[in-house]
Amino acid sequence: MRPPHRVEPPAHCDTIPRVPQPSTSKSSPRLTRRFYRRDPVTVARALLGKTLVRHFKNGRRAAGTIVETEAYLGAPDRAAHAYNHHHTPRNHSMYLDGGAAYVYFTYGMHFCCNIVTQTADVPTACLIRALQPTEGLDLMRRNRAGKIPADRLRDTDLASGPAKLCQALNITRDLDAQDLTQSPHLTVERGPTIPPSQIPRAPRVGIAYAEQWTDKPLRFFITANPHVSVPHP
DNA sequence: ATGACGATTTACT
DNA sequence: GTAAATCGTCATA
């Protein structure tokens, strides 16, 4: 009989006191690799109702329920950054394992946040398009404040768009390629499964160049949710 | 070296 | 409704 293997903590952990976890959370709330390794349409629908969480250095969190997503289907998808196996430094994260973040810069001023799906050989992903803010609204409001001051921003102005939610949660290029199943900075936590009857489909936004892929219904959102980026027709 | 182009948002007519 | 803002990225040369 071999004695149970014990892993010594790294030295820097000596200074960090062990804090007992609340007995109510038996397992991590974080979604696992298995969740993300499915096809992007399945993941895009399954992500609705889950919580995107940004963990800040000071221990504070800002978070919101995912209420709108889009699926990008990889090599065959004319709208996808990985169309025709396009692979450059910018989109390299698309070629990581499911659960990686793919954060890219666009229009000279905005970031957008995707979650990679399937496995490293299949460059598919889901774009997170909108959140319903649930935690740290004061931080989100501060991050979003501009010409309109923070105290005049409505909750529906905080994260109702792919670049807005990145600004609200301070998601920038620094977080590109982060593994969301491990990252201390960005995670997705489990939540309710939204029934298909409450998930309308619509064409994706901002891809008029994508020819026959422009009108495919690969955008998913929670019915009648006021935080969705653009109201459906 | 150069130029065209965005998986967007905001302000303004 | 239309248009400006604003610049990293990549294909072309």
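Chain letters run A, B, ... following the sequence lines, proteins first, then strands; residues in each count from 1.
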Residue A/T88, side-chain atoms from C-beta onward, closest of B/dA7, C/dC10, B/dT9: C/dC10

Ring-face cation of A/R204 near A/Y72 (centre distance under 6.0 Å, axis angle within 45°): yes

Under-4.0 Å side-chain N/O to phosphate OP1/OP2 contact, A/K147 with C/dA5: no

Short side-chain to backbone donor-acceptor contact, A/R144 and A/D157, under 3.5 Å: yes

Nearest listed nucleotide, side chain of A/F105, among C/dC10, B/dA7, C/dG8: C/dG8

Residue closer to the 5' end of DNA chain C, A/M109 versus A/R173 (nearest nucleotide): A/M109

Touch class at under 4.0 angstrom, heavy-atom based, for A/L127 against every strand present: base

d(CD1, A/I128; P, B/dA7) in whole Å: 17 Å

Distance, rounded to the nearest Å, where A/I115 contributes CD1 and B/dA7 contributes P: 19 Å

Between C/dA3 (P) and A/Y107 (OH): distance, integer Å: 15 Å

Of A/I148 and A/C112, the one whose closest DNA chain B nucleotide lies more 5': A/C112

N-O pairing of A/E189 and A/K50 below 4.0 Å: no

Centroid under 5.5 Å and tilt under 30°, A/Y72 to B/dA7: yes

Spacing between A/R129 atom CZ and B/dT9 atom C1', to the nearest angstrom: 11 Å

Which residue lies more 5' along DNA chain B, comparing A/Y209 with A/D157 via nearest heavy atoms: A/Y209

Presence of A/R90 side-chain N/O under 4.0 Å of B/dG6 phosphate oxygens OP1/OP2: no

Nucleotide B/dA7, atom C1' - distance to NZ of A/K164 in whole Å: 15 Å

Sugar-phosphate, base or nothing in reach of A/A79, heavy atoms under 4.0 Å: base

Spacing between A/Y104 atom OH and C/dT9 atom C1', to the nearest angstrom: 13 Å

Separation of atom NE2 in A/H92 from atom P in C/dC10, rounded to whole Å: 13 Å

Base-pairing assignment for C/dT6 (Watson-Crick or G-U wobble, both under 3.5 Å): none

Mate of B/dA7 where both pairing distances stay under 3.5 Å, Watson-Crick or G-U: none

Lys/Arg cation over aromatic A/F35: A/R38, 6.0 Å, 45° cone: yes

Salt-bridge contact A/D97-A/R37 (side-chain N to carboxylate O under 4.0 Å): yes

Ring geometry between A/H87 and A/H92 (parallel below 30°, tilted from 30 to 60°, perpendicular above 60°): parallel

Separation of atom CZ in A/R204 from atom P in B/dG6, rounded to whole Å: 14 Å

Phosphate-side-chain proximity, A/H81 and B/dA7, N/O vs OP1/OP2 below 4.0 Å: yes

B/dA7 OP1/OP2 closer than 4.0 Å to side-chain N/O of A/R78: no

Below 4.0 Å: OP1/OP2 of C/dA11 and any side-chain N or O of A/H86: yes

